[in-house]
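Input: a single structure, listed below in structure tokens.
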Amino acid sequence: MEFRITAGEEAVLLLIASRLDAGDTPTVEELSAAVGRDVRVEVASLSQKGWIGVRGDTVLALSPMALQAVRNLRFGYRGEV
């Protein structure tokens with residue numbers, strides 16, 4: 001599992017998380033339309049790195065690691081104690 005993602009992948013990951021939170025299982029085409037550019041490369045990379053579950057062109061779920069990362073990004077946790 002690859003833990004580092006690019007800024008572009010992070011933006012797509014947050015979009016995916018918001019769509020999944022809303023009860024949607026977005027397709028790559030729907031995600032691309034939402035951001036105004038093709039996100040196929042980012043979706044494929046996130047899937048290959050183990051961050052998301054994809055079947056065909058549909059994003060089905062975030063991995064447990066991605067769920068925690070999204071929570072941290074949304075609520076500002078950066079590991080400080």
Side-chain angles (χ1 to χ4, degrees):
M1 176 164 271
E2 173 65 41
F3 294 102
R4 292 190 283 182
I5 61 174
T6 67
E9 291 167 343
E10 181 181 316
V12 171
L13 180 68
L14 291 172
L15 174 61
I16 290 168
S18 69
R19 297 288 295 269
L20 292 171
D21 285 347
D24 190 16
T25 51
T27 64
V28 173
E29 291 79 21
E30 292 168 342
L31 295 169
S32 295
V35 298
R37 65 176 178 80
D38 189 12
V39 296
R40 192 169 311 278
V41 171
E42 288 89 347
V43 170
S45 180
L46 288 167
S47 177
Q48 182 180 26
K49 292 176 179 180
W51 286 75
I52 60 175
V54 178
R55 181 179 295 147
D57 275 352
T58 303
V59 179
L60 301 174
L62 299 180
S63 71
M65 176 184 68
L67 286 170
Q68 187 60 51
V70 168
R71 282 187 198 116
N72 291 346
L73 289 168
R74 284 182 177 165
F75 299 110
Y77 179 74
R78 300 286 186 229
E80 297 93 11
V81 178

If you compare all heavy atoms of [X] against all heavy atoms of [Y], which two are closest, and at what distance to 0.1 Å?
X     : Y     : result
Leu67 : Leu62 : CD2-CD1, 3.8 Å
Thr25 : Leu20 : CA-CD2, 4.3 Å
Trp51 : Glu2  : NE1-O, 2.9 Å

Pairs of donor and acceptor atoms involving the side chains of residues 8-19, under 3.5 Å and at least two apart or interchain, shall be tabulated with distances.
| residue | atom | partner | partner atom | Å |
| --- | --- | --- | --- | --- |
| Glu9 | OE1 | Thr6 | N | 2.8 |
| Glu9 | OE1 | Lys49 | NZ | 3.0 |
| Glu9 | OE2 | Ser45 | OG | 2.4 |
| Glu9 | OE2 | Lys49 | NZ | 3.3 |
| Ser18 | OG | Leu15 | O | 2.8 |
| Arg19 | NE | Asp24 | OD2 | 2.9 |
| Arg19 | NH2 | Asp24 | OD2 | 2.5 |

(message) Within this structure, what is the CD-OG distance for the pair Gln68 and Ser63, rounded to the nearest 0.5 Å?
(response) 10.5 Å
(request) Can you measure from OG1 (Thr27) to CZ (Arg55) and round to the nearest 0.5 angstrom? (result) 15.0 Å
(message) Using only atom types and a distance under 3.5 Å, with no angle test, would you say the side chain of Ser32 pairs donor to acceptor with the backbone of Val39?
(response) yes
(message) Within the 4.5 Å heavy-atom criterion, are Ile5 and Glu42 side-chain neighbours or not?
(response) no
(request) Verify the cluster assignment for Val28 and Val41: are they in a single hydrophobic cluster under the rule of side-chain heavy atoms below 4.5 Å apart? (result) no
(message) Would you say Val59 ends up clustered with Leu73 if hydrophobic residues are merged whenever their side chains have heavy atoms under 4.5 Å apart, either directly or through other cluster members?
(response) yes
(message) Please determine whether the number of non-hydrogen atoms from other residues, nucleotides or ligands lying under 6.0 Å from atom CD of Glu29 exceeds 12.
(response) yes
